[in-house]
Number of protein chains: 2
Amino acid sequence: MSDLFPKKGHDHDRCVHSAIAQAEKVCDDASARFTDMRRKVFTLIWQSHKAVTAYELLDALTSEGQRVQPPTVYRALEFLTDLGLVHRIESLNAYFGCDRPDCDHLGQYFICTECGRVAEEVNEDMSNAVRKAAGNVGFAIQATTVEIKGLCHDCATH
Amino acid sequence: MSDLFPKKGHDHDRCVHSAIAQAEKVCDDASARFTDMRRKVFTLIWQSHKAVTAYELLDALTSEGQRVQPPTVYRALEFLTDLGLVHRIESLNAYFGCDRPDCDHLGQYFICTECGRVAEEVNEDMSNAVRKAAGNVGFAIQATTVEIKGLCHDCATH
DNA sequence: GCAGAAAATGATATATTATAACATTTCAAC
DNA sequence: GTTGAAATGTTATAATATATCATTTTCTGC
Ligand SMILES: [Zn+2]
Ligand SMILES: [Zn+2]
Ligand SMILES: [Zn+2]
Ligand SMILES: [Zn+2]
């Protein structure tokens, strides 16, 4: 059985640093600015492997000092999602950092209802099944939302 | 190419009557009450093949006479979704009538961004791909959200 | 039929998520 | 340094959803 959710006790600083490095590259390639605010929001999203709501981000930013307003966070989120650095999890109204922002993909999200962690997979069998089903009915895909809730292996076995 | 979205000019009264008849049966089998309010909400949802928001339902119910409050609509929606008569479309924050409420299923939803219509499919290839991907990583599925946005055949070709 | 319990709805308030509109600041290009 | 575009700040409000308690309706057992 392959891993998908990160191991407990993994070196999470590596996750964060790698994500930031990739984000810098993606922004650079797109001639987009990875500003302080965007970096703060992005880093907060990567604090855990859970999805984070806009207002959790607001609270975190506010407790750091002066009051941050909703549009500030939503703008940063829009920027990050447009560039594919962050994905919105529709069934949670929350946001999740992508670990492969360099390539275009139709991701699928496994959401553990016990520990709250989210894992993104890019599974060609699933993507192909979706594409084929769409093709069968003459539907031209623009975007897909595939979110699977349940128990991750750790939570199912402990 | 098989049909999925209903034809223009189809006999929609048949859709509605069939849906209501099925709902009555499902409620009866579950010893649940298909009250006036639940029937009204359900019928409003079936007015079109689009997904309907809670507040659109509220407005429709209110214009029928006295003011209806949000909890009234949300309660009816909870009842209907719990019984599988209606599905929530997460990416739209909206609700859509199921045309096969009698059988358990993991549905997939095609959402046309042009005409707004939604079509539910129960595609075993997709469902199996999801189950297999979950199995591969030891994930125990509780619920799935598969929503596909794009252009329906009518809108793509006209 | 009637009492009591359970289910459903009404009513009020409030929580959560998200955007519109305009002002100010920052920053890169010239 | 000036200037124009991008980003952020500020204020207000829209859209979606739930908590809580009161009242009404329906069901069950007698
Ligand atoms: Zn990590
Ligand atoms: Zn878990
Ligand atoms: Zn119809
Ligand atoms: Zn269409």
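Residue numbers start from 1 in every chain, and the chains themselves are labelled A, B, ... in the order their sequence lines are given, proteins ahead of strands. Source: prediction; values computed, not measured.
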Is A/Asp102 paired with A/Lys25 through a side-chain N to carboxylate O contact shorter than 4.0 Å? no
Under a 4.0 Å threshold between the charged nitrogen and the carboxylate oxygen, would A/Asp36 count as salt-bridged to A/Lys40? no
DNA chain C: A/Leu92 or B/Ala76, which has the more 5' nearest nucleotide? B/Ala76
Length of the line joining [X]:[atom1] and [N]:[atom2], which is rounded to integer Å:
X	N	atom1	atom2	value
A/Leu77	C/dT16	CG	P	18 Å
A/Glu78	D/dA7	CD	P	11 Å
A/Asp36	C/dT26	CG	C1'	11 Å
A/Gln69	C/dT17	CD	P	17 Å
B/Leu58	D/dA17	CG	P	11 Å
B/Glu90	C/dT17	CD	P	13 Å
A/Leu57	C/dT17	CG	P	11 Å
A/Arg39	D/dT8	CZ	C1'	17 Å

Indicate whether A/Tyr55 forms a stack on C/dT17; treat it as stacked only if centroid distance is below 5.5 angstrom and interplanar angle below 30 degrees. yes
Nearest of [options] to any side-chain atom of [X]?
X	options	answer
A/Pro71	D/dG9, D/dT11, D/dC21	D/dT11
A/Thr72	D/dG9, C/dA18, C/dT9	D/dG9
A/Thr35	D/dA7, C/dA18, C/dA11	D/dA7
A/Asn93	C/dA18, C/dA8, C/dA11	C/dA18

When you check the phosphate oxygens OP1 and OP2 of D/dA7, does a side-chain N or O of A/Tyr74 lie under 4.0 Å from one of them? no
Has A/Arg88 got a side-chain N or O lying under 4.0 Å from the OP1 or OP2 atom of C/dT17? no
Cationic tip of B/Arg38 within the cone over B/Phe79's six-membered ring, i.e. under 6.0 Å and within 45° of the normal? yes
Identify whether NZ of Lys or CZ of Arg in B/Arg117 sits under 6.0 Å from the centre of the six-membered ring of B/Phe5 and within 45° of that ring's axis. no
Describe the nucleic acid contact of A/Arg33 in one word from base, sugar-phosphate, nothing, applying a heavy-atom distance below 4.0 Å. sugar-phosphate
When all nucleic acid strands are considered with a 4.0 Å heavy-atom cut-off, which category describes A/Arg75: base, sugar-phosphate, or nothing? base
Counting the benzene-type ring for Trp, do B/His87 and B/Tyr109 have ring centres under 6.0 Å apart? yes
